[in-house]
Every structure is written in C-alpha cells, then in structure tokens.
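Notes to accompany the following structure.
Just so you know, ligand 1 is whichever comes first in the structure, and atom 1 is the first atom listed for that ligand. What you see is a predicted model; the values in this text were computed from it and never measured. What you see below is based on every heavy atom in this structure, not just the backbone, and it leaves out hydrogens, waters and symmetry mates.
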Amino acid sequence: MSRARAVLQRVPEILKQTTTRHTTTFTLKPLAAHGHTGFDAPEVGDHVTSDPPQLSDIPGPRSLPGIGAMWQYLPGGKYHGLDLNIAIKHMNTEHGDVVREEIVPGLNLIRLYDPNDFADVYKAEGECPHRVLFGLLTHYNNVYNDGAQGLLTSQDSEWKQLRSQVQQPILQPKAVNGFAKQHANIASDFVDRIARRIDDTGSITNFLPEIYKYVTEGVGTVCFDKRLGLLEDNNAEGEQFIRAVGETLTLTQKELQLLPLYRHVPTPVFARFTAANNLIQKLSTRYMQEAMQDKEHRPTGQLVKHLLFHSDLTQRHIFTFLSEFFAAGVDTTGHYLAFTLYALAKNPKVQEKLYSELKDVTDDDITSGALESAPYLRAFLKESLRVYPVAPGLGRTLRKDAVLGGYNVPAGTNIVLQYDLAGKDPRFVSNPEEFQPERWLRNNKSEKVLAFTTLPFGFGPRSCPGRRLAGQEVGVAVAKILQRFRVCYNGGELPIKMQLLNTPAEPLNFCFTPRSM
Ligand code: HEM
C-alpha cells in the first residue's frame with residue numbers, strides 16, 4: 001500500500017488527535033433561561049436546567065455528513081474566495097452570537113461574538129489556559145528542538161514553568177522601562193531614515209518593509225541586547241529574517257484549513273515552514289552565542305542574559321523561547337504601528353492633539369516613563385487597537401465544561417472570541433464608527449465600552465507577554481515621528497486581509513511633511 005494511501009486510511013484517527021480531550025467532566029446544572037450568564041452570574045457549573053441546549057443545537061454553517069462544514073470554503077461553498085474576516089462576520093449576521101462550525105465531522109469550532117460570553121470563557125479557563133493554534137510550530141519543535149516548546153505552543157506544566165520565568169523580565173513595567181533608552185535611540189534612527197527616504201513629494205510608497213525593520217530592531221535589542229543594524233542600508237540577513245517570519249505566518253494561516261498530515265508524512269507546507277523557521281533559528285542561535293560570550297553585565301535591558309544566568313530554564317527552552325519571542329515581535333508590532341500611523345493620517349484633529357501632548361517630550365523623559373503616563377497617547381493607542389485590532393480573534397480550548405450563550409459546551413471544545421467584531425458592534429460600544437480616543441480617558445462620561453469588548457492582547461494568565469514592549473516601541477515611534485512630521489496617507493480606505501494577523505492588503509503609501517515647513 002502506498003504511503004499516501006496508508007495516511008488517508010488513518011484520517012479519522014488523525015482528526016481525532018486534533019481535538020483536545022479531557023477526562024474531567026462537570027455535571028452542568030440547568031440554566032434558568034437561555035442567554036448570557038453575565039459577569040455577576042454564579043460560577044459556571046452551578047446552574048441546572050431541565051432541558052439545556054447542547055453543543056449540537058448551536059446554529060452554524062451547514063455541515064454535510066462525512067464532510068463537515070469545511071466545504072463552505074471550497075468552490076460552491078458560501079465562503080469560497082472570501083477573506084476569513086468577512087466570512088466570520090457573515091456567520092454572525094446569519095446565525096447570531098454563538099456559532100458552531102463543524103470543521104470536519106466531530107471537530108467543532110465555536111465562535112463567540114458577545115463580550116458577556118467572553119467573560120464566561122475566561123471564568124472557566126483556570127490557571128493554565130489552553131490555546132491550540134500553531135500546529136506547524138509545535139511539530140517543528142518536536143522534530144528539531146527535542147520537543148522543547150516556547151510560550152506559544154507549550155501547555156500545562158511546561159507552559160507554566162516557562163511563563164513564570166519570563167513574566168518578570170518581559171512584562172514588569174520596570175523591566176520594560178529598562179529598554180526605553182534603546183527604543184528611543186532606535187526610533188530616532190527610524191525617523192532619520194524616513195527623512196532620508198522620502199521622495200520629492202514627501203512620500204514613501206511602500207512603507208511596511210520600513211516599519212518591519214524598525215520593530216525587528218526594537219525586539220532584537222530586547223531579546224539579544226544588541227543592535228542588529230536593520231536601519232542601515234543593505235542588511236540582507238535581517239531582511240531575510242523578516243521575510244521568514246512572514247512566511248511562517250502565511251503557512252500557519254494556510255495550515256488552519258488543511259488536515260495536519262505533516263505530523264505523519266513530509267508535506268510541502270511543512271518543508272517550507274521548516275526552511276523559514278531554520279532561518280529564524282540560525283540568526284537567533286548566533287545572537288544567543290554572542291550573548292553567552294559577553295561577560296559584561298548591566299542591571300536592565302538584557303533578556304537573554306537574565307534567562308541564561310538567572311533562570312531555571314534549560315538552554316534548549318531558552319533558545320526555543322527566544323527565537324519564538326524574537327519572531328513574535330515583528331509582524332504584530334509592525335502592523336500595530338502601521339495601523340496607528342494610518343489612524344493618525346485619517347484623523348488630523350487627533351494628530352494635532354497628540355502632537356500638542358508629545359511635542360516637548362525628550363529622550364530623558366521617555367527613559368523616565370513619560371510616555372507611560374501620557375494620557376492622550378495611551379487613549380489613542382487603545383482606540384487604534386479597537387478599530388484596527390492586529391490579532392483577529394482569541395483562541396481557547398475549554399478546560400472544563402461551560403455554559404456559553406445559554407448552551408452547554410463541553411471541555412475540550414475549541415473556541416474563538418471574536419472581540420475584533422464586538423469592538424465595532426453598537427450594542428457594546430457607543431458610536432463605534434467614530435475614531436474617538438476620548439472614549440478611553442478617565443473623565444469621559446458619554447462614550448461607553450462594555451467590559452471585555454476589546455481584548456487586543458487577550459486577558460488572563462495567557463495574555464500577550466509582549467504587550468508593554470509593543471506599546472513602548474509604537475508609542476516612542478509615534479512621538480518621534482510626530483515631533484518631526486505631519487503624517488498623511490496617499491490613498492483611500494486601507495484594505496485589510498487576514499494572514500493569521502490583520503495585515504494591510506496594499507502597499508502603505510504614507511506622506512511625511514516636515515513640521516518646519
Ligand atoms: C501589537 C502587538 C501585539 C499584539 C496585538 C499581540 C497580541 C497577542 C494576543 C492576542 C495573544 C494571545 C493572548 C491570549 O490568548 O489571551 C498574544 C500572545 C503572545 N504574544 Fe503577543 N501581541 C503583540 C505583540 C507581541 C510582541 C511584541 C511579542 C514578543 C516580542 C509577543 C509575544 C507573544 C507571545 C509569546 C504570546 C503567547 C503567550 C502565552 O501563550 O503565554 N506579542 N499576543
């Protein structure tokens with residue numbers, strides 16, 4: 001029998017392995033009424049209903065026997081050719097705030113659209129939340145890194161140990177502030193580079209690659225305590241690294257719509273992923289080795305040395321974590337900065353208000369945390385992420401049974417919280433179509449946002465550990481760019497596509513007018 005045929009015969013077994021199964025079962029007591037349990041509701045599992053609607057009662061795209069609902073994305077299906085973001089919005093309009101996609105028979109994905117239900121998911125997630133998303137990276141680490149997983153792909157005790165060791169050096173405000181000086185220097189170089197590269201009309205017609213260089217330099221200095229030289233001309237190695245990160249994201253998105261056959265036979269997708277990740281790891285290995293040889297010790301701003309010399313992690317885990325963290329800081333922060341600049345360009349009044357707040361901020365102020373306490377900048381960054389979220393949804397695998405939107409959903413079910421859509425829904429945000437940083441200011445009384453509506457970095461113990469670093473990099477860049485230029489966008493509405501992250505779908509054509517003019 002051919003190898004391919006043997007694998008095909010094992011498809012049901014492979015599919016079974018993609019669903020996380022838990023042996024713990026909770027007796028779900030009936031719910032008094034369908035609808036949201038709300039955040040004040042008693043603990044999940046405390047209710048009893050006589051006839052509770054079950055997982056199979058949740059509405060969703062039509063599933064065919066033996067095939068499931070995946071065909072809806074293929075020719076003839078209603079989501080064929082649509083960007084996933086649009087398909088997900090259609091499902092909400094058609095089926096309501098709780099949608100079941102039976103991806104393949106027996107494997108369900110529940111999409112939630114109501115922040116009250118998000119709160120219920122977080123209540124049920126426990127101290128080691130599960131997220132299954134990065135199948136290719138997990139397999140890569142199994143094959144090439146002796147099974148050592150980083151934060152994105154580890155679970156349970158492995159995740160808990162790693163997270164507890166890295167939490168302080170990457171998330172504590174003091175630690176993040178330890179990188180502020182380097183970030184201010186990098187942002188100055190970025191602004192100089194913009195000034196050098198604008199054409200006669202003040203434009204840079206393809207700005208995203210420039211942004212990637214800035215943020216890679218920023219996260220590189222955090223991880224490896226060194227400047228990578230990406231803002232200098234002709235850094236082929238750095239540019240290759242950036243392309244490799246983009247490739248891993250594209251392939252991870254592609255993998256979501258494929259059977260995980262790569263776990264059993266070499267597939268072209270896994271071969272491409274391996275080539276890209278090898279490149280990421282090659283660069284990380286070199287930087288890590290350099291750091292190990294450098295005996296100079298400074299108290300802050302040295303993640304690699306902190307982990308090497310002050311943590312209980314194995315070298316293999318440190319290496320896997322650092323190369324993953326290095327890569328995780330590129331497209332995420334890059335798109336964040338791209339969308340904030342676009343938001344500035346499209347909202348000139350906001351831009352001028354922000355300029356007034358930031359025009360006199362110096363590098364010394366930045367180092368002593370002035371941006372952290374600049375209220376309008378903070379509000380602006382929050383509003384940018386509400387309108388232009390970088391992560392399109394939040395994934396969880398339920399650790400225990402939960403009642404979501406009135407349905408009993410068993411442990412092991414995969415859930416996506418579509419906070420990106422909730423943030424634009426007038427039921428949860430007042431005047432969502434208006435770009436209003438003011439809604440986030442403390443004294444604001446009129447613009448309401450329901451709790452749990454915008455979760456751009458997630459929530460709880462598994463939320464994004466890079467959020468403060470990303471905020472610092474983007475905040476410093478916005479401040480320095482505004483001090484020197486007025487920003488405008490040479491184009492209309494920016495199209496956005498989902499490529500694991502929300503991604504600008506056209507070359508970014510910004511115009512930078514020097515403020516002295
Ligand atoms: C605007 C920038 C960023 C956004 C919007 C973002 C968003 C997210 C989100 C939504 C999650 C999942 C949270 C959850 O499941 O509750 C996450 C996790 C993660 N992010 Fe970020 N992120 C950003 C920047 C960064 C940066 C700069 C780094 C690293 C330098 C990073 C590293 C990670 C890692 C390692 C995880 C997995 C954490 C875990 O599972 O314990 N992120 N991020």
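For the ligand labelled ligand 1, residue F326 lies outside the 4.0 Å heavy-atom shell. The closest approach between a heavy atom of E473 and any atom of ligand 1 is not below 4.0 Å. Using a 4.0 Å heavy-atom cutoff, R467 is absent from the residues neighbouring ligand 1. Not close to ligand 1: L469, with no non-hydrogen atom less than 4.0 angstrom away.
An N or O contact shorter than 3.5 Å is missing between T333 and ligand 1 by distance. Considering backbone and side-chain atoms together, Y336 places no N or O closer than 3.5 Å to any N or O of ligand 1. Taking distance alone, with nitrogen or oxygen atoms compared against 3.5 Å, R462 approaches ligand 1 more closely than that limit. Residue contacts with ligand 1: R131 is placed with a nitrogen or oxygen under 3.5 Å of a nitrogen or oxygen of the ligand (distance criterion only).
Between S463, C128, G458, C464, it is C464 that holds the heavy atom closest to atom 22 (N) of ligand 1. Of the candidates P465, A470, P461, it is P465 that places a heavy atom closest to atom 19 (C) of ligand 1. Taking only non-hydrogen atoms, the option from Q472, H335, R396 nearest to atom 16 (O) of ligand 1 is R396.
A salt bridge is defined here as a Lys NZ or Arg NE, NH1 or NH2 lying under 4.0 Å from an Asp or Glu carboxylate O, and D189 with R227 meets this definition. Remark: K400 does not engage E125 in a salt bridge, criterion side-chain N to carboxylate O under 4.0 Å. Taking 4.0 Å as the cut-off between side-chain N and carboxylate O, K346 and E493 do not count as a salt-bridged pair. Remark: R399 engages D156 in a salt bridge, criterion side-chain N to carboxylate O under 4.0 Å. We find that E237 and R286 are joined by a salt bridge, their nearest charged nitrogen and carboxylate oxygen being less than 4.0 Å apart.
Considering only non-hydrogen protein atoms, atom 28 (C) of ligand 1 sits nearest to G466 CA, 3.7 Å. Among all protein heavy atoms, the one lying closest to atom 3 (C) of ligand 1 is F457 CE2, 3.4 Å. Atom 37 (C) of ligand 1 has as its closest protein heavy atom L152 CD2, 3.6 Å. Closest to atom 35 (C) of ligand 1, if we only count protein heavy atoms, is E324 OE2, 3.7 Å. Among all protein heavy atoms, the one lying closest to atom 32 (C) of ligand 1 is A328 CB, 3.6 Å. The protein atom (non-hydrogen) at minimum distance from atom 7 (C) of ligand 1 is P456 O, 3.6 Å.
If you look at T332 next to ligand 1, the close heavy atoms, those under 4.0 Å, come from the backbone and the side chain alike.
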